[in-house]
Amino acid sequence: MEYLLYILFGALGGLIGGMGMGGGTILIPLLTLFLDIPQLQAQTINLISFIPMAVVSLIIHIKNKLVDFGALFKVLPFALGFSIISSFFALKINSGVLRTIFGVFMLIIGCIFMIKTLKNYLFRYFSSHKNANLITKIKLLVKVK
């Protein structure tokens, strides 16, 4: 059963990673919560599994002309530099603290995406009912008659 979970979690991480959304956002919590792998080890597994996934995804994205090399070369030096610094930092702190930092980060990102999505939905909804007054729009939104 445990081996099946590894397969499932790897597939989910690959699916999310292939879309460019960061497979680690799903892989790390799954490994730590369901397979009791310590946070730092889960992050290491994610980093190692990320390399072949990134290579394949990058080839496909380059073929489809989806890579902005100008932006890439502006971001890359700083991303690499801070990656090195944070790797040493991660080795120095407790796994529980690392898990908390990761959890808080994921919570903040989730809230930002949720607020942005809700804001876009409401904007599209209200702009599609331009002629209705505010009370009518709110009634339509909550389907009160």
Compare every heavy atom of G24 with every heavy atom of P29, then report the nearest pair and how far apart it is.
->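 Shortest heavy-atom separation between P29 and G24 comes out as CD-O, 3.6 Å.
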Interatomic distance, [X] atom [atom1] to [Y] atom [atom2] [nearest 0.5 angstrom]:
X: L47; Y: S83; atom1: CG; atom2: OG; result: 7.5 Å
X: L107; Y: M114; atom1: CG; atom2: CE; result: 9.0 Å
X: I93; Y: S86; atom1: CD1; atom2: OG; result: 10.0 Å
X: K63; Y: L58; atom1: NZ; atom2: CG; result: 12.0 Å
X: I45; Y: T32; atom1: CD1; atom2: OG1; result: 10.5 Å

Distance-only criterion, 3.5 Å: show the donor-acceptor pairs between side-chain atoms of residues 67-82 and protein atoms not counting sequence neighbours.
unit_1: D68; atom_1: OD1; unit_2: G70; atom_2: N; d: 3.2
unit_1: D68; atom_1: OD1; unit_2: A71; atom_2: N; d: 3.2

Group every Ile, Leu, Val, Met, Phe, Trp and Tyr by side-chain heavy-atom contacts under 4.5 Å, then state whether [X] and [Y] land in the same group.
X: F34; Y: I37; result: yes
X: L98; Y: F89; result: yes
X: L31; Y: I26; result: yes

Any donor-acceptor N/O pair, N64 side chain to L66 backbone, under 3.5 Å | no
List the atom pairs, with distances to 0.1 Å, where a side-chain N or O of residues 3-17 and a protein N or O form a donor-acceptor pair under 3.5 Å, not counting sequence neighbours.
none

Could you walk me through whether Y121 and T117 pass side chain to side chain contact (heavy atoms under 4.5 Å, CB included), step by step?
-> CA-CA 6 Å; Y121 172 77; T117 302; 5.5 Å; no
Side chain to side chain contact (heavy atoms under 4.5 Å, CB included) assessment of M106 paired with I28 = CA-CA 11 Å; M106 293 302 296; I28 294 170; over 6 Å; no
